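Structure first, then comments.
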Amino acid sequence: MNAGFIGIGRYTPEKIVTNADLEKVMDTSDEWIRTRTGIEERRIADDSIDTSDMAFFAAEKALIDSGISADELDMILVATVTPDQPFPSIACMLQEKLGATKAAAMDISAACAGFMYGVVTAKQFIETGAYKNVLVIGVEKLSKVTDWNDRNTAVLFGDGAGAAVIGPVSEGRGILSFELGADGTGGKHLYQDEYIIMNGREVFKFAVRQMGESSLNVLEKAGLSKEDVDFLIPHQANIRIMEASRERLDLPVEKMSKTVHKYGNTSAASIPISLVEEVEAGKIKDDDLIVMVGFGGGLTWGAIALRWGR
Ligand code: UT7
């Protein structure tokens, strides 16, 4: 039995903060942010919307898209490093809000690679036959852990949520291979004290290396090569990192998802938000071979090769 994506949904807050807005409150420039990161604007959730709310909005859409009801969910996995509170988990809060009465529920902490960790975990339960439908969400309200006086980090991040119902799909489709990894020795380069603290250059070097390697590894594990790839969905951290991954796969510009200019780095939410946007734009079609790849604090990384379609 193959596990694949049977429904997807996203939520991004209404409020847009542009680079020009940031120029007014810190020593930065639109030119610096665009050329160093590719970011033009980001969404910031207002005080009335916390992480669990964004997760709920995205989850509702994914459920509608999947055609299954909440009481058919066997498990809820929420990847986030910005939960409303340490516990109960966002997953448990959603279990109640959605009415997913028979679902097991837990959060996953793997920073920007969290959605990949969630999808791969869901795959294991489905392919062993233990569970049928698993709701996986990547969600962050990074604005609440951003130091708005630190221009090194404040210009990078945004808020949002992306969700997917993972379930059995027809033969030949679904998640063909995966890679997950971690290197705790690099934890010091990106962590949260009160706010996010980052050694940008170190994370950059790690990301460029790991995104390319993991993408090639999942292709090899699936018995495929880079010529087979129809679309790449990289974690949307920085256009320069994303471009390096694209070049490693020899893909043309139009075969890589780019939403970083609109949303900034939304951590665990960036891959599923991008997936929803590309499917809605008609850029991903049934039987396309998709590579998704992410990296983040921990350090962590994860990638999948996926044959799109139910
Ligand atoms: O999801 C994972 C999370 N993290 C990442 O993916 C981050 C990975 N790293 C990066 O994306 C890049 O390293 C950054 C975008 C964070 C920085 O780009 P960079 O090309 O590595 O710049 P840099 O750190 O070498 O800094 C260059 C200069 C510095 O000035 P000096 O020391 O050369 O005078 C910074 O102080 O740019 C300065 N700078 C800024 N200037 C204007 C740093 N932030 C800003 C800013 N506006 N916002």
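In listed order, ligands and their atoms are each counted from 1. Here the structure is a predicted model, which is why all the values come from computation and not from measurement. Starting from 1, each residue takes its place in the sequence as its number.
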Are T300 and Y117 close enough that some pair of their side-chain heavy atoms sits under 4.5 Å apart?
yes

At what distance is the nearest protein heavy atom to atom 3 (C) of ligand 1, and which residue and atom is it?
N265 ND2, 3.5 Å

Heavy-atom contact under 4.0 Å between R240 and ligand 1?
yes

CG (D47) with more than 12 external heavy atoms under 6.0 Å
no

Run through N265, N19, D159 and flag the one making a side chain to side chain donor-acceptor pair (under 3.5 Å) with R42.
N19

Checking a contact table here: which protein heavy atom is nearest atom 19 (P) of ligand 1, and how many Å away?
R36 NH1, 3.6 Å

One finds that the ligand 1 atoms under 4.0 Å from a non-hydrogen atom of T37 are 15 (C)

For the side chain to side chain donor-acceptor pair (under 3.5 Å) test, which of R43, E41, Q236, E277 pairs with Y263?
E277

Looking only at non-hydrogen atoms, the one of S267, A268, A237 nearest atom 6 (O) of ligand 1 is A237

Identify, by atom number and element, the atoms of ligand 1 in contact range of F295, meaning under 4.0 Å from any of its heavy atoms.
2 (C), 6 (O)

Can you confirm whether the side chains of S274 and T259 place a donor and an acceptor under 3.5 Å from each other?
yes

Do you reckon V134 sits in the same ILVMFWY cluster as L98, going by side-chain contacts under 4.5 Å, direct or chained?
no

What are the atoms of ligand 1, with element, lying closer than 4.0 Å to any heavy atom of N238?
10 (C), 11 (O), 12 (C), 15 (C)

Nearest non-hydrogen partners of P234 and M242, listed with the distance
CG-CG, 3.9 Å

Considering only the protein, which heavy-atom contact is closest to atom 46 (C) of ligand 1, and what is its distance?
T28 OG1, 3.3 Å

Heavy-atom proximity to atom 16 (C) of ligand 1 ranks first, among Q236, M198, R151, for M198

Flag the pair R34 and D30 as a salt bridge only when some basic side-chain nitrogen lies within less than 4.0 angstrom of an acidic carboxylate oxygen.
yes

Interfacing atoms of ligand 1 (cut-off 4.0 Å, heavy-atom, G200)
8 (C), 9 (N), 13 (O)

Measure from the side-chain N and O atoms of E278 to the backbone N and O of I284, and report whether any donor-acceptor pair falls under 3.5 Å.
no

Shortest protein contact, atom 24 (O) of ligand 1 (heavy atom only):
R201 NE, 3.8 Å

Specify the protein heavy atom at minimum distance from atom 44 (N) of ligand 1: its residue, its atom name, and the distance to 0.1 Å.
W32 CH2, 3.4 Å

Consider ligand 1: state whether an atom of it lies below 4.0 angstrom from any non-hydrogen atom of I33.
no

Is it true that atom CD of E171 has more than 12 heavy atoms of other residues, nucleotides or ligands lying nearer than 6.0 Å?
no

Among protein heavy atoms, which sits nearest to atom 43 (C) of ligand 1, and what does the distance come to when rounded to 0.1 Å?
N152 OD1, 3.1 Å

Is the shortest distance from atom 31 (P) of ligand 1 to a protein heavy atom below 4.0 Å?
no

Identify, by atom number and element, the atoms of ligand 1 in contact range of C112, meaning under 4.0 Å from any of its heavy atoms.
1 (O), 2 (C)

Considering all protein heavy atoms, does one lie under 4.0 Å from atom 34 (O) of ligand 1?
no

Region of L190 engaging ligand 1 - heavy atom pairs below 4.0 Å:
side chain

Kindly confirm or rule out a cation-pi arrangement of K97 over F56, judged by NZ or CZ under 6.0 Å from the six-membered ring centre and within 45° of its axis?
yes

At a 4.0 Å threshold, what atoms of ligand 1 neighbour a non-hydrogen atom of V155?
48 (N)

Give a yes or no on whether a salt bridge exists between E243 and R240, defined as a side-chain N under 4.0 angstrom from a carboxylate O.
no

